[in-house]
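First the structure, in the form of structure tokens, and then the observations on it.
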Amino acid sequence: EVFYLTRSPSLKVWIRSLNKRAGLPHRGTCMKILSVIRTLVETKLRHVISVHAKVRISPHSGTTSDIWSERSMRQSFFCMRQSMMIEAEIAYAAGSNALNKTAGTLLDVAPMLDFAIFTNTKHSAANVAAMKRSVLAKYGVMPRDISLATEDGASNNKAAAKILRQP
């Protein structure tokens, strides 16, 4: 979307240097492609997390999250990652050349679960906890499945961890 909105002459020159007939795709086409990619990635991630949860006892993961404001955009953003140690066979269940090199080992992975606009105007502990609960639920994870929530130490994050009963 950034490329579409920018429409800078230098960007157009760069794209045409890759292919003389190329132009920026229509915004609607880009959004459909991104939607399909997001669906595929989230489906794969749900599968990996569910298999990991079955193999390990709860709590089985950690999280890292943050909320920040961008004054120039007048919005706040939220990002959450889930940290796991998973078997290579789980990560490469669909098949990959990497499985040949990593079979029988554990992989340290931290996929991004969500990057979104934080729609609540107040960054209160209750709102932060609700956002975290919502993101985890999208992947079938309960707050009790998280052994450690790592944040920046802000009072709202500490209070949200207490609401969710997370260390």
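Computation of the quantities below employed the complete heavy-atom set of this structure, encompassing side-chain atoms and omitting hydrogens, waters and symmetry-equivalent molecules.
The 12-atom threshold is not exceeded at NZ of Lys162, counting heavy atoms of other residues, nucleotides or ligands nearer than 6.0 Å. In Ile57, the CD1 atom is not crowded: 12 or fewer heavy atoms of neighbouring residues, nucleotides or ligands sit closer than 6.0 Å. No more than 12 heavy-atom neighbours from other residues, nucleotides or ligands sit within 6.0 angstrom of CZ on Arg144.
Val55 and Met85 fall into different hydrophobic clusters, defined by Ile, Leu, Val, Met, Phe, Trp and Tyr side-chain heavy atoms under 4.5 Å apart, directly or through other members.
A donor-acceptor pair is defined here as one N or O able to donate and one able to accept, closer than 3.5 Å; no such pair exists between the side chain of Arg81 and the backbone of Pro111. With hydrogens and angles ignored, the 3.5 Å screen pairs no side-chain donor or acceptor of His52 with any backbone N or O of Met84. For Arg133 (side chain) and Val128 (main-chain N/O), no donor-acceptor pair under 3.5 Å exists by modelled atom type. Thr39 places a side-chain N or O within donor-acceptor distance of the main-chain N or O of Ser35, the cut-off being under 3.5 Å.
Taking 4.5 Å as the limit, every side-chain heavy atom of Thr29 sits out of range of all side-chain heavy atoms of Lys32. Annotation: side chain of Ser65 is in contact with side chain of Phe78 (closest heavy-atom distance under 4.5 Å). Counting heavy atoms from C-beta outward, Leu136 and Met142 have side chains that stay 4.5 Å or more apart.
Counting all heavy atoms, side chain and backbone alike, Phe115 lies closest to Arg38 at O-NH2, 4.3 Å.
For the pair Lys158 and Glu151, the salt-bridge criterion is not met [side-chain N within less than 4.0 Å of a carboxylate O].
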